[in-house]
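Note that the structure is a prediction, hence the values are computed from the model and not measured.
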Amino acid sequence: MTEDRPVEVVINASETHAPISQHLYGQFIEHIRDIINKDIWAEMIADRKFYFAISEIPILGRDPQPQDPFWVEIGSADAIGMDRERAFTGEQSPVITLDRLEPRGIRQTGLILAEGREYTGRIILAADDDARVALRLVWNDSEDGYQTVTLDVPQGDYVTHEFEFVAGAATDDAALEITATGTGSVWIGALSMMPADNMEGYRREVITKLQSIDAGVYRFPGGNFVSAHEWQKAVGDIDKRPPVIDVHWGALQPNDVGTDEFITLTRLLDVEPYITVNAGFGDAWSAAKLVEYANGSTDTPMGKWRADNGHPEPYGIKYWGVGNEAWGSWQMGAMALDQFVHKHNQFADAMLAADPSIILIGSGAMPDAMTCSGESEQRTGQILTEYLGPADWTGGLFQHSLHNMDMISEHFYAYADRRFDIETGESVARNTDEPLVEWMRRPANHVKTKVDAYHDYLELIPELQEKRIPIALAEWAYAGVPSTSYRVVPANAWVFHELFRHSDLFTMANFTFANSLLSMNRTEAALSPTGLLFKLYSNHYGHIPVTVSGNRPQTEPVYGPGGQDPRINAGSPTFPLDVAAALTEDGSALTIAVINPTEQEESINLEVRGVRLADSGTLWRMAPDNLDAQILPGQKPEVEIEELEFSGGLPGQPAFAPFSVSLYRIEIDGTVE
């Protein structure tokens with residue numbers, strides 16, 4: 001233990017605070033390269049709409065590195081061309097000049113198959129004479145290491161043909177071959193292949209795991225991606241949507257997962273959708289049209305387009321963000337604060353005209369974000385951000401756009417191996433002698449800095465006292481640790497506790513990224529340690545916070561205050577433990593969560609006031625032997641949620657294992673004075 005005596009903890013269940021929103025367990029998902037296309041969406045074919053020519057070496061990324069072609073020729077290379085006159089979608093489609101005897105076509109390798117799994121797909125073909133096309137899925141070099149489907153393609157325009165395969169073996173390097181024989185030419189417009197058990201285009205093994213987490217809300221489509229994204233190109237016939245290069249992340253995007261598919265995802269997961277509009281290269285007119293597309297009746301032009309695309313009922317999306325990190329110089333369409341507040345108001349007016357009922361979320365950045373990103377120094381020459389100065393993005397929006405927003409978006413990323421030095425204005429390596437408890441509290445300290453700043457704004461901006469604007473923590477994460485590792489779990493739990501302590505201020509949070517809740521490959525998925533943590537709290541923690549007091553205040557910030565460090569460290573007055581408690585929504589039970597962010601066992605003396613607890617309850621605990629324990633697909637998990645029933649009342653002096661997270665639920669028998 002840190003001291004000879006245990007920590008004194010008092011929970012006063014008669015002192016309640018603002019309810020905890022289920023949206024605090026929300027998620028963020030973005031088209032960063034293949035985060036959506038491979039991790040969540042079930043499509044297996046790369047460049048399925050032929051943005052690149054056959055055998056062309058694609059060069060992608062801001063630091064471009066050549067990679068292997070997505071497709072290569074089979075047979076005579078001279079017989080394979082790219083036709084821009086008869087393109088099915090985008091700028092070009094492959095055309096194959098046929099021979100009666102020699103199979104000619106294209107091949108893609110690197111497909112990942114599970115033995116015995118069924119795969120279904122479609123291929124869109126046209127021909128100027130009768131032709132026969134063979135699709136072959138090859139899983140190994142044995143005599144029976146493949147399956148072939150043949151298609152008779154009549155003369156005429158593009159027609160969709162369906163096919164199916166059953167994999168005869170597991171492999172991570174299967175090939176799909178498309179060849180044709182006959183006379184004349186064959187055009188390939190697009191093709192698709194997915195596991196047959198996909199859930200409306202999404203990976204079943206992924207969706208079923210994410211469904212176990214009551215996340216509340218998902219944010220989409222970005223992120224930096226959104227600032228150059230044209231939503232109109234990602235709706236309608238999924239095979240006709242043109243492929244594009246995402247200019248921010250340097251990646252090929254097939255535009256398969258757009259607004260309609262996102263709504264499908266939120267329906268599958270039973271969460272609220274939160275859409276960010278393009279306020280980078282985008283304009284207010286386009287943003288308003290997206291609102292109309294999503295929420296308008298079929299009497300509106302965009303509502304009719306949605307209905308024509310197979311979705312007659314309006315989506316009724318409530319949460320809309322105006323831009324992403326508009327304050328960042330890396331953002332497409334970045335501009336000065338005095339310009340952006342005008343742009344925000346333009347967007348708000350147009351979007352509210354399309355649907356006055358929507359909830360608008362401004363793209364903010366408090367002094368912690370502007371300082372630690374270097375944006376303050378770049379804009380003003382000063383490392384630390386001056387309140388209400390030209391680098392105080394949130395302050396500027398509060399001053400000039402308060403009437404045009406309902407929430408303010410804030411982001412933070414804590415980094416495992418470095419911190420921002422407010423003396424030098426540089427990111428520096430963390431102290432290797434830093435106690436584990438200080439490493440663990442870093443993300444929660446980011447939350448606390450925003451609490452400090454908000455209270456300062458209340459003093460500086462009288463209008464904010466009249467119209468309180470809650471915070472949507474629209475992106476947050478502890479970066480630099482593999483998502484498969486347990487190490488960040490107590491730190492992420494500490495973020496939850498800090499959000500709960502300020503439930504009147506934080507009404508939404510979106511973790512970066514939803515796929516980080518999973519440990520997966522292309523055929524298997526399990527909840528990651530952080531995924532288990534989200535499941536634990538979202539399913540079992542209460543909704544009405546109550547007061548927690550103790551006899552040990554948290555220590556002073558090591559480096560602060562300023563930048564990423566608050567005036568007073570995050571945490572309950574129960575150092576080194578962090579304790580939070582809440583009643584269930586109906587008041588029938590009390591939940592108590594305890595984080596031990598140290599490398600030794602810690603104990604508490606617990607007193608509960610205001611209620612009389614039942615004699616028994618349930619304890620859920622995450623306490624692996626190794627801080628770097630992992631969950632890997634296909635392997636026995638090293639991390640689990642242990643569930644224990646106990647009787648005799650909550651132990652008077654419970655002990656908590658090193659770096660553990662514990663959550664108690666005890667029924668309430670009555671109240672006491």
Salt-bridge contact Asp578-Arg501 (side-chain N to carboxylate O under 4.0 Å): yes
Main-chain N/O of Ser528 paired with Gln630 side-chain donor or acceptor, under 3.5 Å: no
Non-neighbouring partners of Arg522 that pass salt bridge (charged side-chain N to carboxylate O under 4.0 Å, His left out), sequence neighbours left out: none
Between Asp628 and Tyr486, a side-chain donor and acceptor under 3.5 Å: no
Nearest-0.5 Å distance, OG of residue Ser662 to CG of residue Asn596: 8.5 Å
Geometric class of the Phe340/Trp393 ring pair [parallel <30°, tilted 30-60°, perpendicular >60°]: tilted
Check: Thr394 side chain, Ala365 main-chain N or O, donor-acceptor pair, under 3.5 Å: yes
Electrostatic pair Arg609-Glu607, nearest N-O below 4.0 angstrom: yes
Thr449: side chain to side chain donor-acceptor pair (under 3.5 Å) partners, not counting sequence neighbours: none
Residue pairs involving residues 208-218 (criterion side-chain hydrogen bond (donor to acceptor under 3.5 Å, both in side chains); sequence neighbours excluded): Gln22-Asp214
Heavy atoms from other residues, nucleotides or ligands near CG of Leu388 exceed 12 (cutoff 6.0 Å): yes
Atom CD of Glu585: over 12 foreign heavy atoms under 6.0 Å: no
Sub-4.5 Å side-chain heavy-atom contact between Asn605 and Val7: no
ring-ring contact (aromatic ring centres under 6.0 Å, His included) partners of residues 415-439, not counting sequence neighbours, each pair once: Trp439-Tyr478
CG on Leu210 to CG on Leu269, rounded to 0.5 Å: 5.5 Å
Geometric class of the Tyr664/Phe646 ring pair [parallel <30°, tilted 30-60°, perpendicular >60°]: perpendicular
No-hydrogen, no-angle side-chain donor-acceptor test under 3.5 Å, Thr598 and Gln600: yes
Distance-only side-chain donor-acceptor flag, Asn626 / Arg487, under 3.5 Å: no
Ring pair (Phe, Tyr, Trp, His ring centres under 6.0 Å) against His543, all qualifying residues, sequence neighbours excluded: none
Cationic N near anionic O, under 4.0 Å, Glu272 to Arg219: no
Thr371 and Thr385: side chain donor to acceptor below 3.5 Å: yes
Listed pairs under 3.5 Å, donor-acceptor, residues 23-32 side chains, sequence neighbours left out:
| unit_1 | atom_1 | unit_2 | atom_2 | d |
| --- | --- | --- | --- | --- |
| Tyr25 | OH | Tyr537 | O | 3.4 |
| Gln27 | NE2 | Tyr25 | O | 3.2 |
| Glu30 | OE2 | Asn224 | N | 2.9 |
| Glu30 | OE2 | Phe225 | N | 2.8 |
| Glu30 | OE2 | Trp249 | NE1 | 3.2 |
| His31 | NE2 | Val257 | O | 3.2 |

Pair Thr618, Arg665: side-chain N/O donor-acceptor within cut-off below 3.5 Å: no
Distance-only side-chain donor-acceptor flag, Asn324 / Thr276, under 3.5 Å: no
Polar side chain donor-acceptor pair, His17 to Thr547, under 3.5 angstrom: yes
